[in-house]
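Structure first, commentary second.
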Amino acid sequence: IRADGLEMPVVMLTALGEEPQVVRGLNLGADDYVTKPFSFRELLARIRAHLRRRELDRGATAPTESVTLGDLRIDRSTRQVWRGPREVALSHRELELLLAMAEQVGRAIPRQELFDKVWGADWVGDARTLDVHIRWLREKLETDASHPEYIQTVRGFGYRLAAPGAATAD
């Protein structure tokens, strides 16, 4: 992975837990070393910690307090959304979903990433829940929910929050 120049955290999962093996794994370039048995929640927490550090290393900044796309305005601090002069009432999950997409305007966000951010990585339920919440958001935010400008579907992948008129390659 390192030889190919890929910039990603490497976590080794192994049954070899003696100090020489751990040291060797870390010296070979692993960012973390987890031995069996391990808890899935701990592994997930370690992976998230590594990803947070990577974002900080790349100079990622905190999201701005307000995002404006066309006549849509999202204010994180007050947790309010406006479409033109009209305030749009959103449920807690709808707002969290919109905020998760607003952190990365224009980026295609995988379905699983949205699930993890909004419902939590340990959430168990119907996979269509995300689609239903997207539909509700579109009904509240779009001029024509069947031809969305803001919340675009990236077929077979996830969703993207975009400015009106932004091209899509679905």
Side-chain angles (χ1 to χ4, degrees), residues 6-9 11 31-32 38-170:
L6 298 174
E7 295 276 336
M8 67 178 68
V11 179
D31 295 297
D32 204 348
F38 58 86
S39 116
F40 180 74
R41 290 175 59 183
E42 178 186 354
L43 175 61
L44 201 53
R46 287 174 180 268
I47 291 169
R48 285 186 177 140
H50 286 290
L51 292 174
R52 277 193 309 271
R53 272 192 234 94
R54 289 279 181 200
E55 287 298 312
L56 291 174
D57 290 347
R58 286 192 301 216
T61 57
T64 58
E65 287 299 312
S66 180
V67 173
T68 302
L69 301 166
D71 68 345
L72 179 67
R73 187 163 60 93
I74 306 160
D75 190 317
R76 282 184 182 83
S77 62
T78 63
R79 299 182 61 81
Q80 292 175 296
V81 177
W82 290 270
R83 175 75 198 266
R86 174 181 64 90
E87 185 174 355
V88 180
L90 299 178
S91 72
H92 173 74
R93 293 272 193 217
E94 291 166 347
L95 180 61
E96 289 300 317
L97 183 55
L98 185 60
L99 289 172
M101 290 189 292
E103 289 176 3
Q104 305 174 66
V105 172
R107 176 180 172 254
I109 305 171
R111 294 175 56 83
Q112 191 60 51
E113 185 176 327
L114 289 170
F115 265 120
D116 291 349
K117 282 187 172 194
V118 177
W119 283 270
D122 54 354
W123 181 81
V124 176
D126 190 341
R128 302 297 297 174
T129 297
L130 177 62
D131 303 320
V132 170
H133 280 78
I134 291 290
R135 180 173 46 89
W136 290 341
L137 267 174
R138 285 176 173 159
E139 289 172 355
K140 293 178 179 180
L141 299 177
E142 304 284 355
T143 302
D144 180 359
S146 60
H147 297 91
E149 295 180 280
Y150 293 107
I151 302 172
Q152 301 171 347
T153 299
V154 181
R155 295 198 194 287
F157 187 77
Y159 295 96
R160 166 182 38 238
L161 181 63
T168 174
D170 293 348

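One is the number of the first residue; the rest follow in order along the sequence. What you see is a predicted model; the values in this text were computed from it and never measured.
- The stretch residues 41-50 participates, sequence neighbours left out, in these salt bridge (Lys or Arg N to Asp or Glu O under 4.0 Å) pairs: Asp32-Arg46, Glu42-Arg46.
- Inter-residue side-chain proximity for Arg79 and Leu99 is flagged as met; some heavy-atom pair is nearer than 4.5 Å.
- Annotation: side chain of Glu113 is in contact with side chain of Gln104 (closest heavy-atom distance under 4.5 Å).
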Do Leu114 and Trp119 pass the side-chain contact (heavy atoms from CB on, under 4.5 Å) test, and can you show the C-alpha distance, the side-chain angles, and the key distance before you say yes or no?
CA-CA 8 Å; Leu114 289 170; Trp119 283 270; 5.7 Å; no
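- Under the 4.5 Å side-chain criterion, counting only non-hydrogen atoms from C-beta, Val11 is in contact with His50.
- With sequence neighbours left out, Trp82 forms a ring-ring contact (aromatic ring centres under 6.0 Å, His included) with no residue at all.
- Taking both residues in full, the closest heavy atoms of Ser77 and Glu65 are given as CB-OE1, 2.8 Å, listed atom of the first, atom of the second, then distance.
- Of the residues listed (Val118, Val88, Leu90), the one engaging Leu95 in a side chain to side chain contact (heavy atoms under 4.5 Å, CB included) is Leu90, and it is the only one.
- Annotation: side chain of Arg76 is in contact with side chain of Val67 (closest heavy-atom distance under 4.5 Å).
- With a 4.5 Å cut-off on side-chain heavy atoms, Ile109 and Tyr159 do not count as touching.
- When side chains are defined from C-beta on, Leu98 counts as touching Leu161, because their heavy atoms get closer than 4.5 Å.
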When you look at Gln80 and Glu87, which way does the side-chain contact (heavy atoms from CB on, under 4.5 Å) test go after all the steps?
CA-CA 7 Å; Gln80 292 175 296; Glu87 185 174 355; 3.2 Å; yes
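- A search for side-chain hydrogen bond (donor to acceptor under 3.5 Å, both in side chains) contacts involving Arg86 returns nothing, not counting sequence neighbours.
- The heavy-atom pair separating Ala108 from Phe157 by the smallest distance is O-CE2, 3.4 Å.
- Shown are Glu94, Arg111, Met101; of these, the side chain to side chain contact (heavy atoms under 4.5 Å, CB included) with Ile134 is made only by Met101.
- Distance check, rounded to the nearest 0.5 Å: CD of Glu139 to CD1 of Ile151 gives 11.0 Å.
- You'll find the side chain of Glu149 reaches within 4.5 Å of the side chain of Glu142, heavy atoms only.
- Taking CG of Asp131 as the start and CG of Asp126 as the end, the distance is 9.0 Å to the nearest 0.5 Å.
- The two residues Pro9 and Asp31 have their closest heavy-atom pair at CA-OD2, 3.1 Å.
- Note: Lys140 NZ to Arg83 CZ = 14.5 Å, rounded to the nearest 0.5 Å.
- Atoms NE2 and CH2, on His133 and Trp136 in that order, are 5.0 Å from each other to the nearest 0.5 Å.
- Summarising the geometry of Asp71 relative to Tyr150, their closest heavy-atom pair is OD1-OH, 2.5 Å, with the distance given to 0.1 Å.
- With rounding to the nearest 0.5 Å, the separation of OG in Ser91 from CG in Leu97 is 9.0 Å.
- Side-chain N/O atoms of Thr153 and Arg160 include no donor and acceptor closer than 3.5 Å.
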